Amino acid sequence: MTIKIQCPCGAKYSFEVDPVEGRMPYAVNCPTCQADGTETANQIIAETSGKPRLRVHAAAAAVEAPIPRPPAPSVSAAMQQVRRERRQFRVMGWIAGAVAVIVVALLGAWGWFTFIGSKPRLDYSIKVPGSEAGWHSEFLDANVLLLASPDKAIAHDLKTGKDLWTRDYSDKDSPQSLPPQTYIDKESIWICLGTRVLRLNRASGELKSSIPISGQFQSFTPSDTSLLVVSATDETTRLACRIDLASGEVATDTITVPRAQKHAMPNELPPNVQPTAGVLLAQAMDEQKFGKPLDAMSSEFFSTGENLVELRVKLLEPHVTFIQSIKPRGPTHITGNLTAGSSTADVAEEVFNDIKRDQTGGVKGIDESRYEATIRRWIGAAPVEWKGEVTGVPMFFSLKTVDLLVAGHQLTVFDKQNKKLFDAKLAYPINNRYNPEHWDHHSVPAVEGRGGLYFFDEGVLTAFGLPSGEVRWRLTSVGISKAQFDNHGLLYVNSTSGSPDDIQYSDQIKFDKAAPVLLKIDPSSGKILWQVSKEGQGAFLSGPYLYTASAQQGGIAMANGLAEALNAPRPDAPTFFHIYRLDPADGKIQWDFYREEAPTELDFQQNRFLVRFGSDVQVWKFLDF
């Protein structure tokens, strides 16, 4: 119905409405003065409803009740609603702007961290005084460097740039000391100078003890519980000085050893070597080229942590087998088979291998002599002995709970009481770097952990259960040089992309060298979790961080190949040195530190690493979260 109202202000207005139960369903206001006209409208509806009206009822159809319409908002309410919406819009704009600023800031921070902050930067640098050759540098802890020379030791604080302490231990009455060898435990710094062993307080540098070394210094071997210093007073007398790390107590054993002997081999050409002019000339200039004498009697001492071990070796039956170390001549690129597809490198390799074969005979000798090996272990007052015959040069290595005797293709494992646990056959001998004349007295062709022994020869990594010796799994990989566990019990193995041919033909000149390979392995199954190639020759673990490092001499490949063929020094060329930080999850490179110079020393401490180039000690640091 239509409602017409005249407002007391004189204004007239009308509107359509469907009353609900005889009243206005919503309020109305005068459009001029905003006076409430609802009651006036209700009176008009009441008067109109009192008149008779014609009603028509549908017989069957049901009539739905009219849908009530919402009351029309007043002008002031509408204005308030507009103001609220504007405020909400401004708030939303502020929120959107703040989010945009945060996103831009996060992207900027991510970009800075990715391209700048996470990359190593020079954090500190210091020069060591005097002769650089006599210094040793390493991390004492995350913020302190230890610098040691034959005359003094310095603890240098990286935060303040000042020395925490300096200890002068020069002795003018003592003969010239050797470059220091150090071992650091929780409370002390042990420094071996060849003439004495010093014990310094780690926190203050106080000299707690000085242990003299009698006779000619031979070796310094640290372990988790003791230090072993071996010296010789004459050809057959050894002094084995054991220093307890916890108490500092010294126990010295005087041990009589057999006189070292050599067994001369006939200086004759092997039957598979052609007596070329180059071979005859090399033989005349070096009488031991093919008839290298064998050790007929030798003695060497080892610290096994719990006790002292002497390995005595006696030659029983000499036998040297010569095998091809350069591939025999085959179809040649030079005569008849030279085609447009033949590369310059292929022809050069063939020429250089021919030159080397004419110079050296292209063979190498394998010592397959019979030896008697005696392991003498000092458990009490007198040594406990184990004696056995082996084929090949015997070599001894000590691990945490077991010790190893390796000879040729045979591995024998002992406990710390000198009881033999098991024997095992090896697919290949261990690398020549572990032979007595080349061994560094630190590296071991095995690692112990997760209840097993993980041993590698030149071509196979084998997991043995301890103490039974059952084979859990084997992994073929040529050129393994190191195996180690991380904090999560996973195995990292440094190897190469070489093939079995590279083991036998080790003297073959190849321009395409085997690339270094790093493998991450599940030690329970031998499954390779990931592997990466050409990203460093040695792996280093420090806390949660994984690093690799490599140093390769450059130069022209042809010139280097010719020098190798003639057994001459390589031409001068820069050394390309890299440190890579790898992601332990997948092995991907996170950054590459590069220099055209190999460092004298290298050490890692969490997210810092130390490199010493001559007298310049540098500490580099990167950010990580």
Side-chain angles (χ1 to χ4, degrees), residues 223 300 302-305 309 311 366-367 371 373 375 386 388 390-416 418-436 438-486 489-496 498 500 502-503 516-529 531 538-539 541:
S223 69
E300 193 170 4
F302 303 87
S303 173
T304 67
V309 165
L311 174 64
I366 306 297
D367 188 351
Y371 290 92
I375 298 177
W386 175 92
V390 296
T391 300
V393 179
M395 291 164 278
F396 184 88
F397 306 97
S398 181
L399 295 172
K400 185 176 181 181
T401 67
V402 295
D403 296 327
L404 315 177
L405 179 66
V406 185
H409 291 258
Q410 181 178 342
L411 166 67
T412 305
V413 180
F414 299 85
D415 66 12
K416 296 297 180 178
N418 229 32
K419 177 185 175 182
K420 186 174 79 169
L421 298 178
F422 64 88
D423 290 310
K425 275 291 186 181
L426 304 177
Y428 299 92
I430 61 176
N431 192 277
N432 190 52
R433 74 172 70 91
Y434 298 108
N435 284 351
H438 303 303
W439 188 41
D440 60 6
H441 294 271
H442 297 290
S443 55
V444 178
V447 65
E448 185 183 353
R450 299 287 294 270
L453 171 67
Y454 302 83
F455 183 90
F456 54 88
D457 54 35
E458 286 198 288
V460 177
L461 171 65
T462 305
F464 297 99
L466 289 178
S468 61
E470 81 277 6
V471 176
R472 295 176 175 175
W473 50 263
R474 285 190 172 96
L475 175 68
T476 300
S477 185
V478 173
I480 296 177
S481 57
K482 186 179 181 181
Q484 57 189 316
F485 283 97
D486 66 6
L490 297 174
L491 193 60
Y492 289 84
V493 176
N494 285 109
S495 188
T496 72
D502 295 323
I503 298 176
V517 173
L518 178 63
L519 306 121
K520 184 176 183 179
I521 299 173
D522 181 351
S524 62
S525 63
K527 178 183 177 182
I528 298 176
L529 302 178
Q531 65 180 36
L541 294 167

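Given the structure is predicted, the values throughout are model-derived calculations rather than measurements.
Counting heavy atoms from C-beta outward, Leu426 and Val406 have side chains that approach closer than 4.5 Å. Taking the side chain as every heavy atom from C-beta outward, Pro436 and Val393 approach each other to under 4.5 Å. When side chains are defined from C-beta on, Ser223 does not count as touching Thr304, because their heavy atoms never get closer than 4.5 Å. Within the 4.5 Å cutoff, side-chain heavy atoms of Leu518 are placed close to those of Asn494. You'll find the side chain of Ile375 reaches within 4.5 Å of the side chain of Leu311, heavy atoms only. Counting heavy atoms from C-beta on, the side chains of Asp457 and Pro445 never come closer than 4.5 Å. Counting only heavy atoms from C-beta outward, the side chains of Ser398 and Lys416 approach each other to under 4.5 Å. A heavy-atom distance below 4.5 Å is found between the side chains of Ser495 and Leu519.
Relative ring orientation between Tyr434 and Phe397 is described as perpendicular, the plane-to-plane angle rising above 60° on a 0-90° scale split at 30° and 60°. Trp386 and Phe414 have perpendicular rings, their planes meeting at more than 60° on a 0 to 90° scale where under 30° would count as parallel.
Between the Gln531 side chain and the Val517 main chain, no donor and acceptor come within less than 3.5 Å of each other. In this structure, the side chain of Arg474 does not engage the main chain of Val460 through any donor-acceptor pair within 3.5 Å. Distance alone, capped at 3.5 Å, places no donor-acceptor pair between the Gln410 side chain and the Gly392 backbone. Glu458 contributes no side-chain N or O that, together with a main-chain N or O of Tyr428, makes up a donor-acceptor pair within less than 3.5 Å. Under a 3.5 Å cut-off, the side chain of Asn435 and the backbone N or O of His438 do not form any donor-acceptor pair. Proximity of a side-chain donor or acceptor of Lys520 to a complementary backbone N or O of Leu490 within less than 3.5 Å is not detected. Side-chain N or O atoms of Trp473 include none that pairs as donor or acceptor with a backbone N or O of Leu461 at under 3.5 Å.
Note: Leu541 CG to Gln484 CD = 4.0 Å, rounded to the nearest 0.5 Å. Considering CG of Leu475 and NZ of Lys527, their distance stands at 13.5 Å, rounded to 0.5 Å. Of the inter-residue distances, the one linking Ile480 atom CD1 with Ile430 atom CD1 reads 13.0 Å to the nearest 0.5 angstrom. The distance from the CG atom of Leu491 to the CG atom of Asp522 is 9.5 Å, given to the nearest 0.5 Å. How far CG of Leu411 is from OG1 of Thr462: 9.0 Å, rounded to the nearest 0.5 Å.
Here the rule is ring pair (Phe, Tyr, Trp, His ring centres under 6.0 Å) with Tyr454, and of Tyr492, Phe485, Phe464 only Phe485 fits it.
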Would you sort out whether Leu453 and Leu404 count as a side-chain contact (heavy atoms from CB on, under 4.5 Å), showing the intermediate values?
CA-CA 10 Å; Leu453 171 67; Leu404 315 177; 3.9 Å; yes
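Residues Arg450 and Pro523 share a closest heavy-atom pair of NH1-CG, 3.5 Å. When all heavy atoms of Val493 and Ala483 are compared, the closest pair comes out as CG2-CB, 4.2 Å. Pairing each heavy atom of Phe422 with each of Pro467, the nearest pair is CD2-O, 3.7 Å.
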